[in-house]
Amino acid sequence: MSFVLIAEQILNGLQFGIMLFLMSAGLTLIFGVMGLINLAHGSLYMIGAFLAATVASATGSFILALAAALSGAALAGAIVEMTIIRKLYNRDHLDQVLATFALILIFSEGTRWVFGSFPLYLDVPSYLQGAVKLPGGIQYPLYRITLIVFGLIIGAGLSLLITKTRLGIQIRAGENDREMVSALGVNISKLYTFVFALGAALAGLAGALVGAIQSVEVGMGEPVLILAFVVIVIGGIGSIKGALIGSTLVGLTDTLGGIFLPKFFSLFMDLATATNVGSSIASMSIYILMSIVLVWRPTGLFGQKV
Amino acid sequence: MIKERHLNIFVLGLLIFVPIFAYWNDQPFTITLMTRAVIFAIAAVGLNLALGTGGFISFGHAAFFGLGGYVMGILAWHSQNYVTLVEWPILIEGTKSMPIIWIITIAASALLAAIIGMISLKTTGVYFIMITLAFAQMMYYFSTSWSAYGGEDGLSIYVRNNFPGLNTLDPIQFFSICCVILLIVLFFMGRLIKSPFGLALNASRQSRQRIEAVGFDFHKLQLTAFILSGAITGLSGALFADLNRFVSPSMFSWQLSGEFIVFIIIGGVGRLFGPVIGALIFVWLEHLIGGVSDYWHIFLGFILLAIVLFGKGGIIGLLCQEDAQHE
């Protein structure tokens with residue numbers, strides 16, 4: 001257990017957390033502004049990854065692939081919002097859950113129909129391959145460092161958009177009182193479409209970025225979606241800041257738990273049992289974290305009182 | 001327009017006569033299909049108590065379904081491999097006896113429901129949906145990483161468990177066991193929703209303030225309903241594992257939790273026979289469209305979307321004029 005290993009694992013956890021943040025930021029924004037629980041957010045993540053893999057293999061350009069993922073997912077989000085999601089804003093949560101569950105089925109099977117069941121691969125571009133040397137003698141993959149930096153830039157951009165621009169003011173006002181906002185002359189349905197497409201674009205981007213380190217396959221979105229739910233339950237629904245803190249916590253807990261819990265148990269068990277028990281408990285660690293936060297603060301760390 | 005009671009009797013008739021007809025015509029596959037539908041119906045009847053009557057949407061009932069499956073799998077695995085389950089402080093052996101497995105399953109699922117309920121019922125609405133989903137996912141990952149009982153590969157049970165006096169490997173006899181359990185659960189549920197507890201639970205969905213004003217403990221009502229609901233769904237999981245003679249982490253999958261809700265919506269929320277009708281139609285469609293196209297989930301998606309956007313009250317709401325106890 002060296003310092004280098006610990007530092008690498010912390011960076012891995014951060015990278016995972018930042019990618020979760022891109023997912024959960026959109027999800028929490030959509031819930032905060034429109035009051036909609038969107039299970040199909042994971043499908044948009046998948047669409048981004050598939051578009052990126054297709055464009056990358058056709059053109060060979062990673063930048064074009066990312067642009068395709070971003071714009072394609074945003075477009076898909078806007079279309080879905082205008083045709084189906086729009087009808088759900090005034091419905092109860094059960095209807096929202098079912099309709100977006102139906103969308104998952106349609107998107108997943110549709111993708112399987114077009115691309116087949118075999119996973120696609122998206123390569124890390126040559127200029128981002130290899131490792132960088134960090135202070136303290138840590139060798140860390142350049143691509144993962146790029147993900148962390150890129151994610152932080154997007155997070156900063158998002159928070160600037162929400163706090164400093166006119167559009168951000170309208171979005172925040174929409175969270176508080178939608179009738180008042182539309183009475184003041186803001187086209188609320190356009191605003192909703194924009195927020196949904198923004199969330200979709202972030203999800204699609206995350207899918208494309210992660211697609212280069214994992215395989216691109218049908219059903220890749222839902223495990224991430226459920227983790228993003230855990231994130232926003234921890235952070236508090238509707239809070240971007242909560243999503244950032246929550247995703248970092250979840251990313252670190254998941255990564256570090258998987259490495260350190262088996263080692264921890266091996267202090268007082270034989271190795272085989274310790275690996276078994278440790279990895280079983282590690283697989284539950286983020287949910288235990290969520291339970292603790294909930295018992296302590298039922299509306300999450302930064303959630304408003306219901 | 002027909003009366004809901006008549007529709008229910010018709011469904012009961014289907015449950016009894018389709019398998020008998022299939023038995024006479026020597027179509028064991030149809031009987032197995034019906035058994036599958038009946039087991040799903042039990043799971044969804046359990047969920048309907050929480051979702052329909054209680055009004056809290058659990059998106060994690062696969063946690064109980066899977067737990068039921070694993071209770072059965074673990075007990076039977078120990079029995080078939082002659083490995084003792086617990087050696088200390090008391091000696092416990094595995095078992096292949098269905099009634100004993102059911103009792104342990106019900107107790108284990110009720111315990112899990114109590115733990116999940118105590119944490120997640122602190123919240124409401126969307127938080128509750130996400131948290132129940134997360135807990136089911138936790139069970140899923142726990143089962144995949146627990147290599148002592150098969151991990152991702154699951155557990156195979158070579159011979160179906162025993163029920164005194166019956167040959168459970170015979171499809172029609174196993175169907176009869178499941179069907180009788182469904183009828184008992186339906187009878188129990190019919191009595192329960194008309195009992196003071198059921199009426200109070202129904203009222204608690206409509207107005208928390210009023211139910212508290214007349215002196216009920218809101219949380220206790222919800223938690224009791226959640227525990228009962230989880231126990232019933234858990235029992236169906238043990239039956240499902242017995243039907244397939246196989247348990248795997250996929251019994252914990254979130255798709256299954258979603259499908260349980262779909263059964264209720266197809267049939268009708270808050271109706272006693274809603275989940276039964278929904279499960280029958282679902283299994284029938286799965287067989288029918290699944291036989292034509294590999295991508296039957298696309299069709300399911302569009303059907304579901306149409307039901308949510310345009311239909312209200314599911315099949316029962318469409319056919320019967322009476323309002324559900326719901327609304």
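Each chain gets a letter, A, B and so on, in the order the sequences are listed, and its residues count up from 1. Computed over heavy atoms, backbone and side chain alike; hydrogens, waters and symmetry mates excluded.
Side-chain atoms of A:Y192 and A:R178 include a donor-acceptor pair closer than 3.5 Å.
The shortest side-chain heavy-atom distance between A:L120 and A:E217 does not fall under the 4.5 Å cut-off. Side chains of A:S43 and A:E222 form a contact here, defined as non-hydrogen atoms less than 4.5 Å apart.
Residue-level contacts of residues 108-122 of chain B with chain A, in order of numbering, are B:I119, B:K122; threshold 4.5 Å between heavy atoms.
Only the side chain of A:I104 comes within less than 4.5 Å of a heavy atom in chain B; its backbone stays farther off. Only the side chain of A:L39 has a heavy atom closer than 4.5 Å to any heavy atom of chain B. In this structure, the portion of B:T123 lying under 4.5 Å from any heavy atom of chain A is its side chain and not its backbone. In this structure, chain A has heavy atoms under 4.5 Å from both the backbone and the side chain of B:I131. Heavy atoms closer than 4.5 Å to chain B are found in both the backbone and the side chain of A:V233. For A:M284, the parts lying under 4.5 angstrom from a heavy atom of chain B are both the backbone and the side chain. Using a 4.5 Å cut-off between heavy atoms, A:V277 does not touch chain B at all.
Per-residue heavy-atom pair counts under 4.5 Å with chain A were compared for B:Y140, B:W296, B:W146, and the maximum is reached by B:W146. Between chain B and the options A:T100, A:L88, A:L227, A:I226, heavy-atom pairs under 4.5 Å are most frequent for A:I226. Per-residue heavy-atom pair counts under 4.5 Å with chain B were compared for A:I84, A:L98, A:I37, A:V295, and the maximum is reached by A:L98. For the set B:I261, B:L309, B:L300, the count of heavy-atom pairs under 4.5 angstrom toward chain A peaks at B:L309. Between chain A and the residues B:V262, B:I265, B:V126, B:I307, the largest count of heavy-atom pairs under 4.5 Å involves B:V126. Highest contact tally toward chain B, considering only A:Q96, A:M290, A:K87, is held by A:M290 [criterion: heavy-atom pairs under 4.5 Å].
Under the 4.0 Å criterion applied to side-chain N and carboxylate O atoms, B:R36 and B:E286 are assigned as salt-bridge partners.
The main-chain N or O of A:I237 is found under 3.5 Å from a side-chain atom of B:Y127 such that the two form a donor-acceptor pair. A donor-acceptor contact shorter than 3.5 Å is absent between the side chain of B:T233 and the backbone of B:G230. The backbone N or O of B:V83 lies less than 3.5 Å from no partner atom in the side chain of B:N81, so there is not a single donor-acceptor pair.
Each of B:F59, B:F65, B:F64 was compared with B:H61 under the ring pair (Phe, Tyr, Trp, His ring centres under 6.0 Å) criterion, and only B:F64 meets it.
Atom CD of B:E212 has more than 12 heavy atoms from other residues, nucleotides or ligands within 6.0 Å. A 6.0 Å sphere centred on CZ of B:F299 holds no more than 12 heavy atoms belonging to other residues, nucleotides or ligands.
Note on ring orientation: taking the six-membered ring where Trp is involved, the planes of A:H93 and A:F31 are tilted (angle from 30° to 60°).
Residue B:F56 holds its CZ atom at 5.5 Å from CZ of B:F128, rounded to the nearest 0.5 Å.
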